[in-house]
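Note sheet for the following structure.
Lettering follows sequence order; numbering is per chain, from 1.
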Amino acid sequence: MESMASLETIIIDEEQVQEQNIALASSNSLVVIPEDDYKWNKYGQRYIKSLQKNRSYFRCVYNICKARKKVDWPPNEPNNLDISYEGDHNHGALAADHS
DNA sequence: CGCATTTGACCCGCGC
DNA sequence: GCGCGGGTCAAATGCG
């Protein structure tokens with residue numbers, strides 16, 4: 001469906017993404033988000049007409065903490081991510097570490 | 001099997 | 001009063 005104009009320029013190394021960033025993508029929109037010590041569950045994704053940007057909503061997967069993460073980025077340039085962390089965690093840093 | 005993720009619909013608030 | 005936008009939640013599905 002996509003004409004694939006010049007999206008080649010935004011190709012990112014999958015390995016690099018897997019090493020230091022979290023790649024939240026389907027196939028079209030590649031979003032590289034710098035993870036933290038917290039885990040988040042995506043609870044919605046919407047395209048903001050007003051800003052002409054995509055907005056992803058993430059929430060902390062912990063003790064109902066009010067911490068929320070919002071990520072906005074232009075559908076044309078996933079490299080221009082705009083991440084906003086708001087709220088406060090009621091627990092220490094979550095850890096995806098299994099050791 | 002569990003978890004994570006995605007999409008849709010619904011709701012609410014605000015603006016005009 | 002109505003419309004639109006934005007935001008959230010829920011459910012379902014897929015994959016590991």
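Residue A:Tyr57 contributes atom OH, which lies 17 Å from atom P of B:dT5 at whole-angstrom precision. The distance between atom NZ of A:Lys49 and atom P of C:dG3, rounded to the nearest whole Å, is 15 Å. C:dG6 atom C1' lies 15 Å from atom CD of A:Gln45, rounded to whole Å. Atom CD1 of A:Ile33 and atom C1' of B:dT5 are 13 Å apart (whole Å). Going from atom OH of A:Tyr47 over to atom P of B:dA9 covers 20 Å, rounded to whole Å. Atoms CD (A:Glu86) and P (C:dG7) sit 10 Å apart, rounded to a whole Å. Residue A:Arg59 contributes atom CZ, which lies 16 Å from atom C1' of B:dT5 at whole-angstrom precision. Whole-Å rounding puts the A:Lys69 NZ to C:dG7 C1' distance at 18 Å.
A distance of 10.0 Å separates OH of A:Tyr47 from NZ of A:Lys53, quoted to the nearest 0.5 Å.
Between B:dT6 and A:Lys42, a contact under 4.0 Å exists linking OP1 or OP2 to a side-chain N or O. Dashed line: the shortest gap from a side-chain N or O of A:Arg55 to OP1 or OP2 of C:dG7 is under 4.0 Å. Of the side-chain N and O atoms in A:Arg46, none sit less than 4.0 angstrom from OP1 or OP2 of B:dT7. Contact check, A:Tyr43 against C:dC9: no side-chain N or O comes under 4.0 Å of OP1 or OP2. Taking side-chain N and O atoms only, A:Lys39 has a distance below 4.0 Å to OP1 or OP2 of B:dA4. OP1 or OP2 of C:dT8 lies within a sub-4.0 Å distance of a side-chain N or O belonging to A:Arg68.
A heavy-atom distance below 4.5 Å is not found between the side chains of A:Trp73 and A:Asp82.
Listed by chain and residue number, A:Asp36 satisfy the side chain to side chain donor-acceptor pair (under 3.5 Å) test with A:Tyr85 (two or more places apart in sequence, or in another chain).
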Requested in this report: Begin from the C-alpha positions of A:Ile33 and A:Val71 and carry the test side chain to side chain contact (heavy atoms under 4.5 Å, CB included) through to its verdict.
Outcome: CA-CA 8 Å; A:Ile33 302 168; A:Val71 185; 4.3 Å; yes

Report task. Dump the intermediate steps for side chain to side chain contact (heavy atoms under 4.5 Å, CB included) on A:Lys69 and A:Ile83, then the final yes or no. Result -> CA-CA 7 Å; A:Lys69 181 180 355 180; A:Ile83 310 181; 3.7 Å; yes

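Looking at the side chain of A:Asn41, the nearest of the listed nucleotides C:dG6, B:dT5, C:dC9 is B:dT5.
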